[in-house]
Amino acid sequence: MTRLAVAPGVVHWPGYLGPEAQAALVADLRAVAAQAPFFQPRMPKTGKPFSVRMTNCGTLGWVSDETGYRYQPLHPVTGEPWPPMPDVLTQAWRDLASYPHEPEACLVNFYAADARMGLHQDRDEQEFDAPVLSLSLGDTAVFRIGGTQRGGKTVSLKLASGDALLFGGEARLAYHGIDRILAGSSALLPQGGRINLTLRRVTKPPA
DNA sequence: AAGTTACG
DNA sequence: AATT
């Protein structure tokens with residue numbers, strides 16, 4: 001398995017999930033989305049919608065609306081608990097994260113061809129000792145990651161279907177985002193687009 | 001506050 | 001730039 005050191009604290013595994021594992025995971029995610037439909041997050045204060053649609057699985061899910069960013073145990077529209085995390089995701093975390101506690105949240109982001117995600121930090125978790133693990137499915141994304149301050153040097157890399165990316169340690173609070181989606185670059189998702197899964201530990205583990 | 005544009 |  002090829003393991004690329006992108007920057008200190010950032011590791012990229014191209015093709016971490018093979019084609020069969022990707023297809024099985026897509027089937028799992030269809031079941032997740034049937035139980036917890038994709039919703040359109042909105043910006044705090046302004047209510048401006050994101051171009052990315054989201055759902056979650058695991059015990060906690062990340063949501064955003066006029067009130068703010070937060071993790072919560074219930075779907076913001078249905079009021080139901082998030083579906084459990086598929087086993088393959090828990091296994092990927094155990095395999096790659098080098099962190100001795102279970103992940104609590106898996107944010108499922110769907111990027112249509114014209115969706116973007118501006119540079120941001122993942123800082124709504126209580127536990128920054130745990131890394132963030134990202135898995136990509138479907139169309140390739142042009143991903144950008146920099147340092148912990150805006151305006152610093154950044155590096156761009158393509159994340160293709162099946163790739164894993166981990167950022168932790170000194171990169172845990174690195175600014176990162178999605179510049180664009182390369183439409184038509186994968187046939188995994190019949191409707192096209194990209195699904196990104198981000199696994200996180202949210203709470204401090206019990207002492 | 002993960003929006004936007006601009007910039008890199 | 002620019003805000004939790």
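Just the heavy atoms: all of them, side chains too, but no hydrogens, waters or symmetry mates, feed the values below. Here is how names work: the chains are called A, B, and so on, in the same order as the sequence lines, proteins then strands, and each is numbered from 1.
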Salt bridge or not between [X] and [Y]? Use side-chain N to carboxylate O under 4.0 Å.
{"X": "A:Arg200", "Y": "A:Glu125", "answer": "yes"}
{"X": "A:Asp179", "Y": "A:Arg144", "answer": "yes"}
{"X": "A:Asp129", "Y": "A:Arg172", "answer": "no"}
{"X": "A:Glu102", "Y": "A:Arg94", "answer": "yes"}

How close or far is atom [atom2] of [N] from atom [atom1] of [X], stated in whole angstroms?
{"X": "A:Asp114", "N": "B:dT4", "atom1": "CG", "atom2": "P", "value": "10 Å"}
{"X": "A:Arg42", "N": "B:dG3", "atom1": "CZ", "atom2": "P", "value": "15 Å"}
{"X": "A:Phe50", "N": "B:dT4", "atom1": "CZ", "atom2": "C1'", "value": "12 Å"}
{"X": "A:Ile145", "N": "B:dA2", "atom1": "CD1", "atom2": "P", "value": "15 Å"}
{"X": "A:Gln121", "N": "C:dA2", "atom1": "CD", "atom2": "P", "value": "16 Å"}
{"X": "A:Arg116", "N": "B:dG3", "atom1": "CZ", "atom2": "P", "value": "11 Å"}
{"X": "A:Arg150", "N": "C:dA2", "atom1": "CZ", "atom2": "P", "value": "11 Å"}
{"X": "A:Met43", "N": "C:dT3", "atom1": "CE", "atom2": "P", "value": "13 Å"}

Proximity to DNA chain B (any heavy atom under 4.0 Å), residues of residues 155-177 of chain A only: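 Listed by number, there are none.
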
Need one value for [X]: base, sugar-phosphate or nothing, where a base atom within 4.0 Å counts as base even if backbone is also close, heavy atoms only.
{"X": "A:Gly68", "result": "base"}
{"X": "A:Thr198", "result": "nothing"}
{"X": "A:Lys153", "result": "nothing"}

Rounded to the nearest 0.5 Å, how far apart are [atom1] of [X] and [atom2] of [Y]?
{"X": "A:Asp139", "Y": "A:Arg180", "atom1": "CG", "atom2": "CZ", "result": "10.5 Å"}
{"X": "A:Asp163", "Y": "A:Thr140", "atom1": "CG", "atom2": "OG1", "result": "7.5 Å"}
{"X": "A:Asn196", "Y": "A:Leu135", "atom1": "CG", "atom2": "CG", "result": "7.5 Å"}

Just the atom pairs and distances: protein N or O near nucleotides 6-8 of chain B's N or O, under 3.5 Å.
{"unit_1": "B:dG8", "atom_1": "N1", "unit_2": "A:Arg144", "atom_2": "NE", "d": "3.2"}
{"unit_1": "B:dG8", "atom_1": "N1", "unit_2": "A:Arg144", "atom_2": "NH2", "d": "3.3"}
{"unit_1": "B:dG8", "atom_1": "N2", "unit_2": "A:Arg144", "atom_2": "NE", "d": "2.2"}
{"unit_1": "B:dG8", "atom_1": "N2", "unit_2": "A:Arg144", "atom_2": "NH1", "d": "2.9"}

With a 6.0 Å cut-off on ring centres, are A:His176 and A:Phe167 close enough?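 Yes; A:Phe167 has its ring centre under 6.0 Å from that of A:His176.
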
Quick check on side chain to side chain contact (heavy atoms under 4.5 Å, CB included): which of A:Thr55, A:Leu189, A:Leu197 does A:Leu29 satisfy it with?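 Going through A:Thr55, A:Leu189, A:Leu197 one by one, the side chain to side chain contact (heavy atoms under 4.5 Å, CB included) with A:Leu29 is satisfied by A:Leu197 alone.
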
